[in-house]
Amino acid sequence: MSILAVIFDLDGVLVHTDQYHYQAWKRMADEEGIVFEESAGDRLRGVSRMESLEVILEKSGRTYTNVEKEALAERKNGYYRELLEQLTPADAAPGSRELLAACTEQGIKVAIGSSSRNTPVILERLGLTHLFEAVADGNEIVNSKPDPEVFLLAAKKLAIDPKYCIVVEDAEAGLIAAKRAGMKTAATGTAIKSARADHHLHRLEELTAVIWG
Ligand code: B16
Ligand code: MG
């Protein structure tokens, strides 16, 4: 298999900020009296902040104006940013630094493809920023996963044809996006059993066998 670049999803792959997203949405939902069950959490993976809010508001008994929605999303993001303050380099997923180093040493380009507008702050807190040749995130795109835009942007920044890219994802929305981008897929975490994935990684290091056989 010829792979020239790896595009990593961030949240749920390189760091478990997915738990912080859940906690922050839960806090906001509780304050608003909206039922928010843990099972709804998987529908928030990979999708944008405003689309996540729409999922949560499905359970509310009332309609919210756009101004109110913006305020709710902003409030949740404030709670999320408070939680992000706990992040340290030790919170990077096990094996992630080693995998990034192995790719770079072997001439495989590495990028981030994340829906999160908080990507820059998360990478800084993890001390990973300098390890990526390109970062494509929620600040630069119009359509979030399952749209392929963020992954196509990452490939463009790397100047690598999408067919030579593999995406590592924890979300169905991200796997759909990667397939739409014409890329190979490796699923991990909650998406590990996905039929959309070309490869299934129980540990991130297993990607080396996918790339080099
Ligand atoms: P923010 P990823 C995604 O990150 C999260 O999985 C998703 O739950 C979140 O709603 C989205 O980022 C937007 O995050 O509110 O920080 O802009 O998995 O694409 O790295
Ligand atoms: Mg993710």
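Since the structure is predicted, the reported quantities are computational estimates derived from the model, not experimental observations. Side chains are part of it too, since the values below use all heavy atoms of this structure and drop only hydrogens, waters and symmetry mates. Start at 1 and go down the list; that is how both ligands and their atoms are numbered.
- Atoms of ligand 1 found under 4.0 Å from any heavy atom of S116, numbered from 1 in the order shown, are 1 (P), 4 (O), 12 (O), 13 (C), 14 (O), 16 (O), 17 (O).
- Here the side chains of S144 and E51 are in contact, with some heavy-atom distance below 4.5 Å.
- Close contacts between ligand 1 and D9 involve ligand atoms 2 (P), 18 (O), 19 (O), 20 (O) [criterion: under 4.0 Å to a heavy atom].
- Atom O is the N, O or S atom of D11 at the shortest distance from the Mg ion (ligand 2).
- Nearest N, O or S atom of D170 to the Mg ion (ligand 2): atom OD1.
- Residue-ligand proximity, N118 to ligand 1, at heavy-atom distances under 4.0 Å covers atoms 1 (P), 16 (O).
- For R75 and E32, the salt-bridge test passes: some basic side-chain N is under 4.0 Å from an acidic carboxylate O.
- The contact set between ligand 1 and L10, taken as ligand atoms under 4.0 Å from a residue heavy atom, comprises 20 (O).
- Within ligand 1, the atoms closer than 4.0 Å to a non-hydrogen atom of L44 are 7 (C), 8 (O), 10 (O), numbered from 1 in the order shown.
- A cation-pi geometry, defined here as NZ or CZ lying under 6.0 Å from the six-membered ring centre and within 45° of its normal, holds between K76 and Y80.
- For atom 10 (O) of ligand 1, the closest non-hydrogen atom of the protein is V47 O, 2.7 Å.
- Between E85 and R81 there is no salt bridge, since no side-chain nitrogen of the basic residue lies less than 4.0 Å from a carboxylate oxygen of the acidic one.
- In the hydrophobic clustering of ILVMFWY residues, with side-chain heavy atoms under 4.5 Å counting as a link, L207 and L128 come out together.
- For ligand 1, the polar-atom distance check against Y80 finds no nitrogen or oxygen pair separated by under 3.5 Å.
- A heavy-atom distance below 4.5 Å is not found between the side chains of E58 and E54.
- At least one donor-acceptor pair closer than 3.5 Å links the side chain of R125 to the backbone N or O of L84.
- If you look at D9 and ask which of its N, O or S atoms sits nearest the Mg ion (ligand 2), the answer is OD2.
- For the pair R49 and ligand 1, the shortest N or O to N or O distance falls below 3.5 Å.
- Using a cut-off of 2.8 Å, one finds that D18 contributes no N/O/S atom close to the Mg ion (ligand 2).
- Residue G113 places no N or O, backbone or side chain, under 3.5 Å from any N or O of ligand 1.
- What sits closest to atom 4 (O) of ligand 1 on the protein, heavy atoms only, is D11 CB, 3.4 Å.
- Those atoms of ligand 1 that come under 4.0 Å of a heavy atom in K145, given as number and element, are 2 (P), 19 (O).
- Contacts between R117 and ligand 1, counted as non-hydrogen atom pairs separated by less than 4.0 Å, involve both the backbone and the side chain.
- Remark: D42 engages R45 in a salt bridge, criterion side-chain N to carboxylate O under 4.0 Å.
- Here the side chains of E205 and L99 are not in contact, with every heavy-atom distance at 4.5 Å or above.
- The shell of residues lying under 4.0 angstrom from ligand 1, judged by heavy atoms, includes G46.
- Using a 4.0 Å cut-off between heavy atoms, A171 makes no contact with ligand 1 at all.
- Of the possible polar contacts, none joining the E133 side chain to the L158 backbone as a donor-acceptor pair under 3.5 Å is found.
- At least one donor-acceptor pair closer than 3.5 Å links the side chain of T185 to the backbone N or O of R196.
- Formation of a donor-acceptor pair under 3.5 Å by the T188 side chain with backbone atoms of L201 is found in this model.
- Listed by number with element, the atoms of ligand 1 under 4.0 angstrom from any heavy atom of S52 are 10 (O).
- Near S114, meaning under 4.0 Å from one of its heavy atoms, ligand 1 places the atoms 2 (P), 4 (O), 19 (O), 20 (O).
- Remark: the D11 side chain and the N118 side chain contain no N/O donor-acceptor pair separated by less than 3.5 Å.
- Geometrically, ligand 1 and N77 share no nitrogen or oxygen pair separated by less than 3.5 Å.
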